[in-house]
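I have placed the structure first, in the form of structure tokens, so that the comments after it can refer back to it.
None of these values were measured; they are calculated from a predicted model.
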Amino acid sequence: TTISAAPSTTGSSSGPIAGALAGLQIVHGIPGTAVDVYLDGTLVATDFAAGEIAGPIKDLTAGNHEVSLFAAVKDAPTALSDRTDKALLAAPAVTGAEPVSLVAHLAEDAKPTVTAFREQLSALDPGQGRLLLRHVMATGPLNAMVNGTLVGALAPGEQAAIEIAAGSAKVEFVGADGTVVTSATIAVDDGELASLSAIGAPDDRSAEIVIQRFTGLSTAPAAVDTG
């Protein structure tokens, strides 16, 4: 994954996932570090680069889980218990009945952390799409904007949602001084959820936006009485 200078219109995107098939996804949002990822002690991703997305992991029991990240090594062991090096990050994660995305990222103090976000897969009216905007950058509060409209004033680790007409949308994460920290122009399809995570740090020009897509959320249009 290429990390571009901010404000960036580039980023990584997962292939679209049907909403009915969504499960746990893990987003790597820590710049400059390739990692091996373990979930509940089992290897789920190797040589995982910043901006990449693992999953979906289906049929995960709702409740408490643990995510561990290690510096990537050749032939990473399948079992966490076989690692002899120290974890870069080990964090609890709570999942529920709804699909969850776990984003490994830098907190405001630049220390690695994991934040869980629930995907909003409720039905959409015909012709509509939904955007979820997530602030997981190593910086203070940001204003999340879509097509020039404020969607939410986000503290680190928060998200905000907006429903829009399917089509092109310009997404911007803007600092308190009005500076655009990172941005992306994306196409949103009818019945699609696009979840956008702003990752990295503006200070070292590692900001980018990672996009996850979920499809099949549109409701059928109401029947038209033609007489």
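Y38 and L69 fall into different hydrophobic clusters, where Ile, Leu, Val, Met, Phe, Trp and Tyr residues are linked whenever their side-chain heavy atoms come under 4.5 Å apart, directly or through other members. F70 and V37 are assigned to two separate hydrophobic clusters, defined by single-linkage of ILVMFWY side chains at heavy-atom distances under 4.5 Å. V35 and L80 are members of different hydrophobic clusters when ILVMFWY side chains are connected at heavy-atom separations under 4.5 Å. Cluster membership for V73 and L88, using ILVMFWY side-chain heavy atoms within less than 4.5 angstrom, is not shared. By the rule that hydrophobic residues join a cluster once side-chain heavy atoms approach within less than 4.5 Å of another member, V181 and V146 end up as members of one cluster.
Nearest heavy-atom pair across P156 and T139 is CG-O, 3.3 Å. Of all non-hydrogen atoms in G152 and A160, the two that sit nearest each other are CA-CB, 4.1 Å. Residues A169 and I164 come closest through the heavy atom pair CB-CD1, 3.7 Å. Contact between D204 and S206 at its shortest, heavy atoms only, is OD1-OG, 2.6 Å. Nearest heavy-atom pair across I211 and A194 is CG2-CB, 4.4 Å. Listed here is the closest heavy atom pair of G157 and F117: O-CE2, 3.5 Å.
Checked by atom type and distance alone, the side chain of T113 never pairs as donor or acceptor with a backbone atom of A107 at under 3.5 Å. Between the side chain of Q128 and the backbone N or O of D125, no donor-acceptor pair lies under 3.5 Å. Checked by atom type and distance alone, the side chain of N147 pairs as donor or acceptor with a backbone atom of K170 at under 3.5 Å. Side-chain atoms of N64 never come within 3.5 Å of backbone atoms of P92 as a donor-acceptor pair (strictly under, hydrogens ignored). A distance-only check finds a donor-acceptor pair linking the side chain of R130 to the backbone of S122 [under 3.5 Å]. Between the side chain of H28 and the main chain of F48, a donor-acceptor pair closer than 3.5 Å is present.
Side-chain contact between Q120 and Q159 is present, with at least one heavy-atom pair separated by less than 4.5 Å. Contact of the V210 side chain with the L196 side chain is not registered, since no non-hydrogen atoms from C-beta on lie closer than 4.5 Å. Using a 4.5 Å heavy-atom cutoff, the side chains of P99 and L121 are in contact. L132 has its side chain within reach of R134: a pair of non-hydrogen atoms, C-beta onward, lies under 4.5 Å apart.
F173 CZ to I209 CD1: the interatomic distance, rounded to the nearest 0.5 Å, is 5.0 Å. L142 contributes atom CG, which lies 11.0 Å from atom CG of L133 (distance to the nearest 0.5 angstrom). Separation of atoms NE2 (H135) and CD (E108) is listed at 7.0 Å; rounding is to 0.5 Å. Annotation: the span from M137 atom CE to D203 atom CG amounts to 9.0 Å, rounded to 0.5 Å. Atom CG of D82 sits about 11.0 Å away from atom CG of L43, to the nearest 0.5 Å. Rounding to the nearest 0.5 angstrom, the gap separating the CD1 atom in I199 from the CD1 atom in I30 is 9.5 Å.
When the side chain to side chain contact (heavy atoms under 4.5 Å, CB included) test is applied to A34, the partners found at least two apart in sequence or on another chain are D47, A72. Scored by the side chain to side chain contact (heavy atoms under 4.5 Å, CB included) test, E66 finds D40, S68, A90 as partners (sequence neighbours excluded).
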Please report the C-alpha distance between T46 and D75 in whole Å, then the side-chain angles of each, then the deciding distance to 0.1 Å, and finally whether the side chain to side chain contact (heavy atoms under 4.5 Å, CB included) criterion is met. CA-CA 9 Å; T46 61; D75 299 325; over 6 Å; no

Derivation of the side chain to side chain contact (heavy atoms under 4.5 Å, CB included) call for L39 and L24: CA-CA 11 Å; L39 177 65; L24 176 74; 3.6 Å; yes

If you apply the rule side chain to side chain donor-acceptor pair (under 3.5 Å), what do you find for S101 with Q212, and how did you get there? CA-CA 9 Å; S101 291; Q212 301 162 265; 2.8 Å; yes

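Put simply, the residue from I26, V27, V114, I53 that forms a side chain to side chain contact (heavy atoms under 4.5 Å, CB included) with V103 is V27.
The residues R213 and E119 are annotated as not salt-bridged, no charged nitrogen and carboxylate oxygen being separated by less than 4.0 angstrom.
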